[in-house]
Protein chains: 2
Amino acid sequence: MSQTAVQARSERYEELLRAAAECFQSRGFAATSIDTVARHLGATKGRVYHYFPSKMDLFNAVRERAMDLVFAASDDGYAMQGSPAERLYEMSAGHVRSMIDDLPYMHVLVDGLQMLRYSTTTQFQREAMEAHLARRDVYEQRFREVVVEGVADGQLHVGPQLSVTIQSFMGTLNGPVFWYRPRGDDTSESRQAIVDDVVRFALSGLGLNEESITLYSSQSRKVFA
Amino acid sequence: MSQTAVQARSERYEELLRAAAECFQSRGFAATSIDTVARHLGATKGRVYHYFPSKMDLFNAVRERAMDLVFAASDDGYAMQGSPAERLYEMSAGHVRSMIDDLPYMHVLVDGLQMLRYSTTTQFQREAMEAHLARRDVYEQRFREVVVEGVADGQLHVGPQLSVTIQSFMGTLNGPVFWYRPRGDDTSESRQAIVDDVVRFALSGLGLNEESITLYSSQSRKVFA
DNA sequence: AAGGAAACATACTACTTGGTATGTAGTCAA
DNA sequence: TTGACTACATACCAAGTAGTATGTTTCCTT
């Protein structure tokens, strides 16, 4: 294939992936048919099956892409220099920002974790699911690690059962996928204001004092596209 | 009908409702067929349709029951004498306790709110949905009201956008439906420990100081069945 | 005892859906 | 130009599902 052909294919693939994410977001996995996704693109099943061998593969592709995005969103904070609380702030802000900016993908990501429910039948699907869960564990472990460091140096406080607190914390960061919906009049700044409030609540839940939160918030580089 | 017959029917109805809740919990609405629910009871469709005219009616019945339960769970705290923070603590503890104790119903409740997604077709279903949402608003309004009082008297602190903080707060209280699963070895006390941690995180997120949380926690009557 | 209603089970229909098999228009290299 | 290949669309099938119509058994009332 020529160079432009490769790029064209990649663009079509992305278009399909996003359409699938939007459909899965708005109707859920089971209620979304392949025809639904195709119609959403003004196409037919043929196009979908040309790129993905099955509905589950399409769904998995969306999930993995979402995982890529959320990793990328918290990478900077995780890698940065600074106190655990400060790093956690940046990781959280990146995560929440991604929840809002990549809403369709992130909705599928969060929703898909619930999908352990659909007792996935085939062996291959089970493997894909386990690989996905492994990535998720790695991701959560990042946050858990930084939280524990923050507790150790006294900036953060957790309840007797760390895992419960972590679940509550991560759940708060994921929260926007359930209630945020883009509006015509929201700007990058208005989105950032939402991110700030969510992160403030989450870190306050970990016992970080308000002064530190306000400080980190003001220090955080907020690049508005 | 005789008295015992009425009671028998009520018991069968409850049995069906619970079975439906469990199926909807584990597979979601779209992926749950009427036959699934029936098989879960060791019965057939006939029995389900004898009590409910349609799948959607069954689902709505589960949701309304869940709403009843969650209202009841926070009633005592809402009605009690005390500071806003103290009342909010009790309301939250009752809410979270209910999330854990009535997990199948509550999962459907939380999940069902997402179901605005399924663009409900018929007029009747839309009315049921709106009635349900109205109840939910009343419920959330209770919490919002007490939070606002707590902010007014200085015990609680929220971000610039109250609604975002409230969403995060309620989301935290609902969190257990996503990650808590009953285990063979959990007792009423171990469940209460989870409740305590979730409520601690949530109220800490609202800026309530740790001493107050610990105080309310110790004061809270914890009746272990 | 008899009649009827309640509480289901069984059988069936119309429709949807995941997946496949096949057709076809455009593209591109030789 | 032509043959192969890409990128779909169309037609089709088997399986599953919501809902209905019709038994059948048990129980309650009279």
Side-chain angles (χ1 to χ4, degrees), chain A residues 1-20 23-24 26-62 115 117-125 128, chain B residues 1-20 23-24 26-62 115 117-125 128:
Chain A
M1 269 196 294
S2 70
Q3 184 59 32
T4 59
V6 168
Q7 189 169 353
R9 181 181 173 96
S10 170
E11 281 170 15
R12 303 292 271 172
Y13 178 90
E14 290 298 322
E15 197 180 357
L16 223 164
L17 204 62
R18 168 157 285 271
C23 291
F24 287 139
S26 62
R27 302 171 203 216
F29 176 77
T32 299
S33 74
I34 299 289
D35 285 307
T36 303
V37 177
R39 275 197 304 271
H40 191 62
L41 284 163
T44 64
K45 285 158 77 138
R47 180 165 169 195
V48 178
Y49 279 104
H50 182 68
Y51 289 86
F52 297 94
S54 78
K55 181 182 175 183
M56 200 60 192
D57 283 285
L58 176 58
F59 187 78
N60 284 334
V62 173
M115 196 185 280
R117 305 185 299 187
Y118 312 137
S119 47
T120 43
T121 30
T122 81
Q123 177 63 22
F124 185 72
Q125 286 171 13
Chain B
M1 268 197 294
S2 69
Q3 183 59 31
T4 58
V6 168
Q7 188 168 351
R9 180 179 174 97
S10 171
E11 281 170 16
R12 303 293 273 172
Y13 178 91
E14 290 298 323
E15 198 181 356
L16 221 163
L17 203 64
R18 167 156 285 269
C23 291
F24 288 139
S26 61
R27 304 172 202 213
F29 176 76
T32 298
S33 73
I34 299 289
D35 285 307
T36 302
V37 177
R39 275 197 303 270
H40 191 61
L41 284 164
T44 64
K45 287 159 80 134
R47 181 166 169 195
V48 178
Y49 279 104
H50 182 68
Y51 290 86
F52 298 93
S54 78
K55 182 182 173 182
M56 199 61 192
D57 283 284
L58 175 58
F59 186 77
N60 284 333
V62 172
M115 198 185 279
R117 306 185 298 187
Y118 312 137
S119 47
T120 43
T121 31
T122 80
Q123 176 65 21
F124 184 73
Q125 286 171 13

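In what follows, chains are A, B, ... by sequence order, proteins preceding strands, each numbered from 1. This structure is a prediction, so every number in the text was calculated from the model and none was measured.
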> Looking at DNA chain C, which of residues 33-46 of chain B put a heavy atom within less than 4.0 Å of it?
Replying inline: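 Within residues 33-46 of chain B, the residues near DNA chain C are Ala43(B), Thr44(B), Gly46(B).
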Give the rounded distance in Å between these two atoms: [atom1] of [X] and [atom2] of [N].
{"X": "Leu16(A)", "N": "dT6(D)", "atom1": "CG", "atom2": "C1'", "result": "15 Å"}
{"X": "Arg47(B)", "N": "dG23(D)", "atom1": "CZ", "atom2": "C1'", "result": "19 Å"}
{"X": "Tyr13(B)", "N": "dA6(C)", "atom1": "OH", "atom2": "P", "result": "17 Å"}
{"X": "Phe52(A)", "N": "dT20(C)", "atom1": "CZ", "atom2": "P", "result": "16 Å"}
{"X": "Asp57(A)", "N": "dT20(C)", "atom1": "CG", "atom2": "P", "result": "11 Å"}
{"X": "Lys55(A)", "N": "dA15(D)", "atom1": "NZ", "atom2": "P", "result": "18 Å"}
{"X": "Tyr49(A)", "N": "dT6(D)", "atom1": "OH", "atom2": "P", "result": "21 Å"}
{"X": "Met56(B)", "N": "dT17(D)", "atom1": "CE", "atom2": "P", "result": "18 Å"}

Atom [atom1] of [X] and atom [atom2] of [Y]: how far apart are they, to the nearest 0.5 Å?
{"X": "Lys55(A)", "Y": "Phe24(A)", "atom1": "NZ", "atom2": "CZ", "value": "6.0 Å"}
{"X": "Cys23(A)", "Y": "Leu41(A)", "atom1": "SG", "atom2": "CG", "value": "7.5 Å"}
{"X": "Thr44(B)", "Y": "Tyr49(B)", "atom1": "OG1", "atom2": "OH", "value": "11.5 Å"}

Please check the phosphate of [N] (OP1 and OP2 only) for any side-chain N or O of [X] closer than 4.0 Å.
{"X": "Arg9(A)", "N": "dA7(D)", "result": "yes"}
{"X": "Arg12(A)", "N": "dT6(D)", "result": "no"}
{"X": "Tyr51(B)", "N": "dA6(C)", "result": "no"}
{"X": "His50(B)", "N": "dA7(C)", "result": "yes"}

Is any side-chain heavy atom of [X] less than 4.5 Å from a side-chain heavy atom of [Y]?
{"X": "Glu15(A)", "Y": "Arg12(A)", "value": "yes"}
{"X": "Asn60(B)", "Y": "Phe52(B)", "value": "no"}
{"X": "Tyr51(A)", "Y": "Leu58(A)", "value": "no"}

> Which side chain to side chain donor-acceptor pair (under 3.5 Å) pairs, counting each pair once, include a residue from residues 28-42 of chain B, with sequence neighbours left out?
Replying inline: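 For residues 28-42 of chain B: Glu22(B)-His40(B), Ser33(B)-Thr36(B).
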